[in-house]
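Okay, so here's the structure we're looking at.
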Amino acid sequence: MANIIKVLKGTKDILPQDIDMWHLLEEKANQVFSKYGFKEIRTPIIEVTELFSRGVGDTTDIVNKEMYTFEKSDRSITLRPENTAGVVRSYIENGMSRLSSPVKLWYKGPMFRYERPQAGRQRQFHQVGVEMFGIKDATADAEVILMAVNYLKSLGLNDLEVELNSLGCPKCRDEFKTKLKAVLKPYFNELCEDCQNRYEKNPLRLLDCKVEDCKKIFEKPEIQEVINSDFICEDCAHHYSELKLYLDKMGVKYNENKLLVRGLDYYNRTVFEIKSNNLGSQNAVCGGGRYDGLVGQLGGEPTPAVGFAMGMERLISLLPAKEPKKLDGYIVSNYPVDAFVLAEELRNQGLNVEFDLANKKFTKQLEKASKVAKYAFILGEDEILKNQVSIKNLELGKQITVDRANCTKMLDF
RNA sequence: GCGCCUGUCGUCAAGCGGUUAAGACCUCGGAUUGUGGUUCCGAUAUGCAUGGGUUCGAAUCCCAUCAGGCGCCCCA
């Protein structure tokens with residue numbers, strides 16, 4: 001055992017016993033998102049590095065220190081750390097702005113971020129997400145949030161908390177940043193190291209610092225006043241109140257959280273997050289918002305857009321484990337040829353069926369059947385002679401013998 | 001990148017300086033020669049992540065390395 005090769009740190013096999021959960025998430029995504037007119041898109045896992053440095057933002061941690069980047073024939077290539085940039089790239093490159101708007105897309109797949117793994121965080125992880133292009137109205141934000149909530153509900157996740165905030169547009173946000181920096185300036189030396197960095201790099205992110213001393217500083221009245229002030233401009237405020245109106249009408253409950261800041265640079269106006277208390281410290285299952293500037297920034301016609309992404313591993317960890325599916329039938333017989341033929345007959349009729357490829361003893365076969373299947377199809381000398389098969393319901397212990405021709409019709413006893 | 005914790009069979013584990021290194025589950029074989037999931041037997045770690053020490057003696061103590069987990073940062 002000394003030299004076996006192991007999975008890379010922060011990556012995991014999705015094993016057969018867990019695959020049903022993944023199928024469920026994917027099927028529900030398709031079902032729910034389709035109801036709202038979203039279509040699936042699959043973009044490559046590798047992209048040109050510049051897509052992310054330009055799209056996600058140079059100052060973000062994702063781009064700064066978490067990307068898997070390598071050189072190949074004079075190109076810098078990166079494993080996607082998220083999929084919004086890729087979808088936007090595809091939207092522009094394939095001329096989707098000429099389609100009648102909105103363009104509604106959803107995706108699922110692996111993402112890669114070089115971080116220290118911990119609960120709810122891996123280096124390769126999976127996201128389902130959606131992007132909607134072409135609508136600046138708050139209806140789009142509302143539809144996307146409603147859809148996220150409904151997707152979670154379809155999985156049985158009813159009691160998650162939606163947090164909502166508006167970051168304003170670049171103009172009012174800059175004003176806010178300036179104000180915030182001004183009030184914080186006297187306390188600069190008391191802030192933690194990280195906050196001192198954020199002060200320059202991205203003051204908005206100061207707001208979700210978890211260090212107690214910093215929190216205390218933020219509680220000072222003059223700072224609270226700035227944080228709680230409605231800094232956003234009239235248009236942004238209008239957009240935000242429209243959104244809340246729609247959400248109220250649609251019965252989506254949310255908490256306003258002025259401290260909510262998404263880490264990616266491209267967001268403006270609406271940002272939201274959906275959290276669970278049962279996840280450890282990485283408690284967000286969904287994060288999203290509006291990014292009206294991104295399409296333009298990546299070279300397309302300026303196009304408003306909203307979207308979200310959910311962490312599939314995190315979702316699965318919230319869901320109750322599923323019993324693995326049983327086979328419909330297992331054939332118990334010491335006549336391998338007949339067993340083989342019967343198995344294939346049953347498969348052709350749509351059942352999932354196995355038989356004992358090693359022709360073990362009768363009792364062993366039956367024991368196996370009881371573990372893996374709902375019904376045992378018993379095929380002994382008597383049955384073969386009479387062209388019959390005995391079917392045993394392995395949960396109830398009942399058994400009947402029927403003609404082979406119509407044995408699948410008898411499966412509801 | 002930084003902090004804390006952990007590393008004994010496929011899995012869950014007992015063991016806390018002297019044991020033939022428990023036990024359970026899973027798997028496999030046998031008892032019951034066509035009726036199981038109950039029962040009964042039996043098989044499965046010369047080895048306790050790896051490498052060094054300390055000791056008469058180490059899975060048990062120390063150091064290093066590696067791996068895993070959790071937390072910070074950040075995020076889904």
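Just so we're on the same page: letters track the sequence lines, and every chain starts at 1.
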(Q) Using side-chain hydrogen bond (donor to acceptor under 3.5 Å, both in side chains), reason through A:Asn277 and A:Asn283 one step at a time and then give a plain yes or no. (A) CA-CA 7 Å; A:Asn277 296 320; A:Asn283 63 355; 5.5 Å; no

Q. Can you name the one residue among A:Arg123, A:Lys65, A:Lys9, A:Arg121 that meets salt bridge (Lys or Arg N to Asp or Glu O under 4.0 Å) with A:Glu115?
A.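 One option only clears the test, and that one is A:Arg121.
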
In whole Å, what separates the [atom1] atom of [N] from that of [M]?
| N | M | atom1 | value |
| --- | --- | --- | --- |
| B:rA43 | B:rG23 | P | 11 Å |
| B:rG29 | B:rU65 | C1' | 42 Å |
| B:rU54 | B:rA67 | P | 28 Å |
| B:rU6 | B:rU46 | P | 27 Å |
| B:rU38 | B:rA45 | P | 25 Å |
| B:rA24 | B:rC61 | P | 27 Å |
| B:rG17 | B:rA58 | P | 14 Å |
| B:rG51 | B:rC66 | C1' | 10 Å |

Q: Enumerate the residues from residues 282-291 of chain A whose closest heavy atom to RNA chain B is under 4.0 Å, giving them by residue number; use none for an empty result.
A: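 Contacts with RNA chain B under 4.0 Å: A:Gln282, A:Ala284, A:Val285, A:Cys286, A:Gly287.
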
Given that both distances must come in under 3.5 Å, which nucleotide forms a Watson-Crick or G-U wobble pair with [N]?
| N | value |
| --- | --- |
| B:rA43 | B:rU27 |
| B:rA59 | none |
| B:rU65 | B:rA49 |
| B:rC2 | B:rG71 |
| B:rU35 | none |
| B:rG17 | none |

Q. Between A:Val271, A:Val252, A:Leu247, which is the residue that forms a side-chain contact (heavy atoms from CB on, under 4.5 Å) with A:Leu164?
A.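 Only one option passes, and that is A:Leu247.
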
Please check if the side chain of [X] supplies one atom and the backbone of [Y] the other of a donor-acceptor pair under 3.5 Å.
| X | Y | value |
| --- | --- | --- |
| A:Glu395 | A:Lys374 | no |
| A:Glu383 | A:Gly380 | yes |
| A:Arg89 | A:Glu47 | no |
| A:Gln297 | A:Arg54 | yes |
| A:Arg269 | A:Tyr240 | no |
| A:Asp292 | A:Ala305 | yes |
| A:Gln124 | A:Lys12 | no |

How would you label the contact of [X] with the nucleic acid (heavy atoms, under 4.0 Å): base, sugar-phosphate, or nothing?
| X | answer |
| --- | --- |
| A:Glu115 | base |
| A:Lys275 | nothing |
| A:Ala369 | nothing |
| A:Ile378 | base |
| A:Gln365 | nothing |
| A:Glu66 | sugar-phosphate |
| A:Asp382 | base |

Counting only side-chain heavy atoms from C-beta out, which of [options] sits nearest to [X]?
| X | options | value |
| --- | --- | --- |
| A:Glu381 | B:rG69, B:rG34, B:rU35 | B:rG34 |
| A:Arg314 | B:rA76, B:rC2, B:rG34 | B:rA76 |
| A:Lys6 | B:rC72, B:rU35, B:rA67 | B:rA67 |

Q.
Within the 4.0 Å limit for protein heavy atoms, which parts of nucleotides 37-45 of chain B are touched? Write it as a string from 5' to 3', B for base, S for sugar-phosphate only, - for none.
A. B--------

Could you give the [atom1]-to-[atom2] distance, from [X] to [N], as a whole number of Å?
| X | N | atom1 | atom2 | result |
| --- | --- | --- | --- | --- |
| A:Lys65 | B:rC2 | NZ | P | 12 Å |
| A:Asp265 | B:rC75 | CG | C1' | 14 Å |
| A:Gln17 | B:rC26 | CD | C1' | 12 Å |
| A:His126 | B:rA76 | NE2 | C1' | 13 Å |
| A:Lys398 | B:rG36 | NZ | C1' | 18 Å |
| A:Asp61 | B:rC72 | CG | C1' | 12 Å |
| A:Lys360 | B:rA31 | NZ | C1' | 18 Å |
| A:Leu319 | B:rA76 | CG | P | 20 Å |

Q. If each of A:Arg116 and A:Gln122 is mapped to the nucleotide of RNA chain B with the nearest heavy atom, which maps nearer the 5' terminus, i.e. the 5' end?
A.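 Comparing both residues, the 5'-ward one is A:Arg116.
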
Q. So which one's nearest nucleotide on RNA chain B is more toward 5', A:Thr363 or A:Ala309?
A.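 The residue closer to the strand's 5' end, by nearest nucleotide, is A:Thr363.
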
(Q) Can you see whether A:Glu131 engages A:Thr84 through a side-chain donor-acceptor pair at a distance of less than 3.5 angstrom? (A)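 Looking only at side-chain atoms, A:Thr84 and A:Glu131 do form a donor-acceptor pair, the distance falling under 3.5 Å.
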
Q) Does the side chain of A:Tyr254 come under 3.5 Å of the side chain of A:Asn165 through a donor N or O and an acceptor N or O? A)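 On atom types as modelled, these side chains do not qualify, holding no pair under 3.5 Å.
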
Listing, residues 141-151 of chain A side-chain donor-acceptor contacts under 3.5 Å, not counting sequence neighbours, or none:
unit_1, atom_1, unit_2, atom_2, d
A:Asp141, OD1, A:His239, NE2, 3.4
A:Asp141, OD1, A:Arg290, NE, 3.2
A:Asp141, OD1, A:Arg290, NH2, 2.6
A:Asp141, OD2, A:His239, NE2, 3.1
A:Asp141, OD2, A:Thr270, OG1, 2.6
A:Asp141, OD2, A:Arg290, NE, 2.9
A:Glu143, OE1, A:Lys104, NZ, 2.8
A:Asn150, ND2, A:Tyr36, OH, 2.7
A:Tyr151, OH, A:Leu25, O, 2.8

Q. When only distance counts, do a donor and an acceptor, one from the side chain of A:Arg121 and one from the base of B:rC70, lie under 3.5 Å apart?
A.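 Not at all, since no donor on one side and acceptor on the other fall under 3.5 Å apart.
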
Does [X] put a side-chain nitrogen or oxygen below 4.0 Å from OP1 or OP2 of [N]?
| X | N | answer |
| --- | --- | --- |
| A:Gln118 | B:rC72 | yes |
| A:Lys374 | B:rG36 | no |
| A:Lys9 | B:rG68 | yes |

